Amino acid sequence: MIAPAALFQLVRADFLERVRRHSFLVTLGFTLYAAYMFLPPNHSHYATLDLGGHRGVYNSAWVGTLVAMLAVSFLSMAGFYLVKNAVERDRHTGVGAILAATPMPGPVYLLGKMLSNFAVLATMVAVLAAASGVMQIILGEDKHVRLLPLLTPFVLVTLPIMGMVAALAVLFEVTPVLRGGLGNIAYFFLWITTMSLSAAKGRGDPREAVSISHLVHQMQAACTAAFPEYAGGGNYSMGFNIKDGTWDPMTFVWEGAHWTPVMLAWRAFWMAVPFALTLVAALFFDRFDTQRATIGGRIRRLARGRKARAPQPPEDAHDPVPAFPGSASHLTGGRVLARLAERAGHSRFGALVLAELRIALKGVSRWWYFVALALAVVSLFVPLPAVG
């Protein structure tokens, strides 16, 4: 089938084009530094997850879950602005016009952009996961790296959110109202609202997309089992909590989240949401027709349709000037060149030169002819040493 092959090539080309940029390497470096900052050792001046003066031992389960949750918090915002340029880049570079002339359906094109966005964000998540295992060994509280507890939070928590960020970036790019700065502001408030609602869930709900509060609730249960004075429902603080002194939390062992069938079913649902968002984005996609989404463009298309239906005078079969999409009346100086073309007779060379001039002078204001003439006249009176 042509569609899967074209989709793969589109995703591959777009992904390779992005990862070869210097900005991608800079972002990867920042991601590695973030993984280092997410796991402060004891006696640090800040903490990233504080359960009333307690935290889990830096084993694979705690390290993987903590970094995965914090990655959701910062990559869901920074990642959106990082990948929100895929469609717009094709629009400005002219690649979109070429793709619009191909038989590739619009939904397939947008699906390719969404998957390339997701591939870029998933690469950063993979770097974070690998860096988390290295940091676990460096911190030395538990040097035995277990891949399943370490990687499961990234797969079930972080990647579904990255998929929705990738799809929202495509949706915002193809929606005229959200394409520019207004969309950037709207997404920022959407991100704040989503994170605030997730933190306000208390014990958490397995149906929510972010799922951070549900994981924290399981951490709190393990903390209560180890330290009954914590009382289970104690407050927690996640983020960069800085104070003048040092943080010396008491530690406990947490073996990882318990994923029930209901939780896994909802995580699978949120993994499918990006594809639905991409189909919604296809409803707003103009297929790089800049006049499609504007009222003025619709009026112009209607006028062109009426003009095409109107009876046209027969054209001279011996006209030596080739026909172009824009008539001579729409080109500055076109009428003068048309008259010269008539005088050129049947000379193909002369007709070709005049046709090229008509194309070169398309869109040039008549005032520039006077400017060029004035410059030519002034140059006749300028001393030769000054010109040199």
Side-chain angles (χ1 to χ4, degrees), residues 34-74 128 132-133 135-146 148-154 156-158 192 194-264 266-267:
Y36 168 77
M37 295 295 294
F38 283 170
L39 301 170
N42 281 344
H43 312 298
S44 297
H45 293 283
Y46 71 96
T48 53
L49 179 60
D50 175 47
L51 302 178
H54 309 83
R55 69 162 174 84
V57 174
Y58 284 146
N59 56 10
S60 296
W62 186 270
V63 168
T65 304
L66 178 59
V67 176
M69 290 190 303
L70 293 173
V72 168
S73 301
F74 91 92
L128 272 177
S132 300
M135 287 301 302
Q136 177 188 344
I137 297 175
I138 294 175
L139 290 170
E141 293 185 5
D142 184 354
K143 295 186 178 182
H144 180 58
V145 178
R146 295 178 297 163
L148 187 61
L150 179 72
L151 300 180
T152 299
F154 291 99
L156 296 180
V157 178
T158 310
I192 290 180
T194 302
M195 291 299 165
S196 300
L197 291 177
S198 177
K201 289 289 184 179
R203 295 196 170 190
D205 188 341
R207 298 173 297 179
E208 67 170 334
V210 179
S211 192
I212 290 180
S213 60
H214 191 78
L215 294 176
V216 172
H217 173 63
Q218 295 195 33
M219 292 177 171
Q220 289 176 319
C223 184
T224 302
F227 301 98
E229 67 274 12
Y230 178 64
N235 296 327
Y236 72 93
S237 176
M238 188 171 66
F240 288 92
N241 303 288
I242 303 174
K243 68 177 182 180
D244 294 333
T246 59
W247 290 87
D248 297 296
M250 293 179 286
T251 60
F252 60 93
V253 177
W254 186 62
E255 297 298 338
H258 176 63
W259 298 96
T260 64
V262 175
M263 294 178 63
L264 294 176
W266 278 106
R267 300 322 295 169

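Since this is a predicted model, take the numbers as computed values, not measurements.
Using cut-offs of 30° and 60° for the angle between ring planes, the Phe227 and His54 rings count as tilted.
Between Tyr58 and Leu139, some side-chain heavy-atom pair lies under the 4.5 Å cut-off. Using a 4.5 Å heavy-atom threshold, the side chains of Val67 and Phe154 count as touching. Two residues are said to be in side-chain contact when any heavy atoms from C-beta on lie closer than 4.5 Å; Leu66 and Arg55 fail this criterion. Looking only at side-chain heavy atoms (C-beta outward), Met37 and Phe240 come within less than 4.5 Å of each other. A 4.5 Å side-chain heavy-atom check between Trp247 and Asn42 finds every atom pair outside the cut-off. Using a 4.5 Å cut-off on side-chain heavy atoms (C-beta onward), Leu156 and Met263 make no contact. The side-chain heavy atoms of Val72 and Met69, taken from C-beta on, include no pair separated by under 4.5 Å.
In terms of modelled atom types and a separation under 3.5 Å, the side chain of Ser60 and the main chain of Pro149 share no donor-acceptor contact. Remark: the backbone N or O of His144 is paired with a side-chain donor or acceptor of Gln136 at under 3.5 angstrom. A distance-only check finds a donor-acceptor pair linking the side chain of Asn241 to the backbone of Ala47 [under 3.5 Å].
The CE atom of Met238 lies 7.0 Å from the CG atom of Leu49; values are rounded to the nearest 0.5 Å. With rounding to the nearest 0.5 Å, the separation of CZ in Phe74 from CE in Met195 is 11.5 Å. In this structure, the separation between CD on Gln218 and OG1 on Thr65 is 9.0 Å, given to the nearest 0.5 Å. With rounding to the nearest 0.5 angstrom, the CG atom of Leu128 is 8.0 Å from the OG1 atom of Thr158. For the atom pair SG (Cys223) and CD (Glu229), the distance works out to 8.0 Å, reported to the nearest 0.5 Å.
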Side chain to side chain contact (heavy atoms under 4.5 Å, CB included) between Val210 and Ser73: does it pass, once the steps are laid out? CA-CA 9 Å; Val210 179; Ser73 301; over 6 Å; no
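Of all the heavy atoms in Gly133 and Val145, the pair that sits closest is O-CG2, 4.0 Å. A pairwise comparison of heavy atoms in Gln220 and Leu51 identifies CG-CD2, 4.1 Å as the closest pair.
Applying the side chain to side chain donor-acceptor pair (under 3.5 Å) test to Thr152 and every residue at least two apart in sequence or in another chain returns nothing.
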Pairs under 3.5 angstrom only: tabulate donor-acceptor contacts from the side chains of residues 248-256 to other protein residues two or more places apart or in another chain.
unit_1	atom_1	unit_2	atom_2	d
Asp248	OD1	His43	N	3.3
Asp248	OD1	His43	ND1	2.5
Asp248	OD2	Thr246	OG1	3.1
Glu255	OE1	Arg146	NH2	3.2

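Atom OH of Tyr36 is surrounded by 12 or fewer heavy atoms from other residues, nucleotides or ligands within 6.0 Å.
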